[in-house]
Amino acid sequence: MNKLEHIATIDYCYWRLDKLKEQLSKPKSNIERLVDSACGYNEVEEVKKEAITLLEQIVESKKAIGADYSGDSEFLDKLKSK
C-alpha cells in the first residue's frame with residue numbers, strides 16, 4: 001500500500017471507532033435487551049473485537065508511514081487486557 005492508502009485506512013478506522021462509540025452510547029429498549037439476552041448476543045464484546053481489529057490496523061498503517069502510534073498502541077494494549 002502507498003502512503004495515501006495508509007492515511008485513508010487510518011481515517012476510516014477512526015471514523016468507524018467513532019460510530020462504534022455512538023452505537024454503545026445509545027440506550028436500548030427492554031425488548032432489545034431481552035432479544036440480545038435470549039440470543040446470547042453481547043454487544044460490548046462484539047464492539048470490543050471490532051475495536052481491537054481497527055486499532056491494530058491503525059497502528060500498522062501509522063508504522064508504515066512513520067507516524068507516531070504510541071497513543072494508539074497504548075490504548076490497544078489496555079483494550080486487549082480487559
Side-chain angles (χ1 to χ4, degrees):
M1 287 183 6
N2 65 34
K3 187 174 182 175
L4 186 59
E5 290 172 323
H6 284 294
I7 293 169
T9 298
I10 294 166
D11 188 45
Y12 170 77
C13 289
Y14 280 129
W15 174 81
R16 186 67 188 130
L17 285 170
D18 188 51
K19 292 299 178 185
L20 291 174
K21 181 189 77 166
E22 288 176 14
Q23 178 183 338
L24 284 178
S25 66
K26 288 182 184 176
K28 284 192 163 194
S29 69
N30 290 335
I31 291 176
E32 288 172 316
R33 282 190 223 122
L34 288 171
V35 169
D36 287 350
S37 178
C39 295
Y41 177 71
N42 184 345
E43 182 178 28
V44 173
E45 202 56 39
E46 293 298 319
V47 168
K48 179 182 171 184
K49 287 177 189 175
E50 186 173 352
I52 288 172
T53 302
L54 292 168
L55 284 165
E56 288 172 342
Q57 290 177 3
I58 289 169
V59 168
E60 181 181 312
S61 287
K62 282 188 171 184
K63 279 181 185 178
I65 63 173
D68 179 30
Y69 59 90
S70 59
D72 300 298
S73 183
E74 184 179 319
F75 184 61
L76 177 60
D77 292 340
K78 286 180 183 178
L79 192 57
K80 283 182 175 180
S81 69
K82 289 188 176 191

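Worth saying up front: this structure is predicted, and the values here are computed from it rather than measured. Numbers here simply count residues along the sequence, with the first being 1.
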Novice: Please check if Met1 and Trp15 belong to a single hydrophobic cluster, counting links between Ile, Leu, Val, Met, Phe, Trp and Tyr side chain heavy atoms closer than 4.5 Å.
Specialist: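 No; tracing contacts between hydrophobic side chains, which count when under 4.5 Å, never links both residues.
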Novice: So if I apply the side-chain contact (heavy atoms from CB on, under 4.5 Å) rule between Val59 and each of Lys63, Glu56, Lys62, Gln57, which one comes out positive?
Specialist: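 It is Lys63; the other options fail the test.
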Novice: Quick one: CD on Glu60 to CG on Asp72, what's the gap to the nearest 0.5 Å?
Specialist: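 Those atoms lie 13.0 Å apart.
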Novice: Could you report the tightest heavy-atom contact between Ser61 and Ile10, atom names first, then the distance?
Specialist: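 So the two residues come closest at CB-CG1, 3.6 Å.
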Novice: Say you draw a straight line from CD of Glu74 to CG of Leu55; how long is it, rounded to the nearest 0.5 Å?
Specialist: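 Going from CD on Glu74 over to CG on Leu55, the span is 12.0 Å.
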Novice: Who pairs with Lys48 by salt bridge (Lys or Arg N to Asp or Glu O under 4.0 Å), at least two apart in sequence or on another chain?
Specialist: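 Not a single residue meets the salt bridge (Lys or Arg N to Asp or Glu O under 4.0 Å) criterion with Lys48.
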Novice: Between Glu32 and Ser29, which heavy-atom pair has the shortest distance, and what is it?
Specialist: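 Result for this residue pair: OE1-N, 2.8 Å.
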Novice: Can you tell me how far apart CD1 (Ile52) and CZ (Phe75) are? Round to the nearest 0.5 Å.
Specialist: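 The CZ atom of Phe75 is 9.5 Å from CD1 of Ile52, to the nearest 0.5 Å.
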Novice: Would you give the length of the straight line joining atom CD of Glu50 to atom CG of Leu20, rounded to the nearest 0.5 angstrom?
Specialist: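 It is 4.5 Å, given to the nearest 0.5 Å.
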Novice: Could you report the tightest heavy-atom contact between Ile58 and Cys13, atom names first, then the distance?
Specialist: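 Minimum heavy-atom contact is CG1-CB, 3.4 Å.
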Novice: Under a 4.5 Å side-chain heavy-atom rule over Ile, Leu, Val, Met, Phe, Trp and Tyr, are Val47 and Val35 clustered together?
Specialist: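 No, it is not one cluster - the side chains of Val47 and Val35 are not joined through contacts under 4.5 Å.
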Novice: Check for a donor-acceptor pair, side chain of Glu5 on one end and backbone N or O of Asn2 on the other, with a separation under 3.5 Å.
Specialist: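 A pair under 3.5 Å: yes.
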Novice: Supply the atom-to-atom distance Lys49 NZ to Leu79 CG, rounded to the nearest 0.5 angstrom.
Specialist: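 Rounded to the nearest 0.5 Å, the NZ-CG separation comes to 12.5 Å.
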Novice: Going hydrophobic residue to hydrophobic residue with side-chain gaps under 4.5 angstrom, can you get from Leu34 over to Val44?
Specialist: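 No; tracing contacts between hydrophobic side chains, which count when under 4.5 Å, never links both residues.
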Novice: Above 12 or not: heavy atoms from other molecules or residues under 6.0 Å from NZ of Lys3?
Specialist: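 Atom NZ in Lys3 is not crowded, with 12 or fewer foreign heavy atoms closer than 6.0 Å.
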Novice: Before accepting this row, confirm whether a basic side-chain N of the pair Asp77/Lys80 lies closer than 4.0 Å to the acidic partner's carboxylate O.
Specialist: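 Salt bridge: no.
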Novice: Give a yes or no answer on whether the side chain of Ser73 reaches the backbone of Tyr69 with a donor-acceptor pair at less than 3.5 Å.
Specialist: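 Side chain of Ser73 to backbone of Tyr69: no pair is present.
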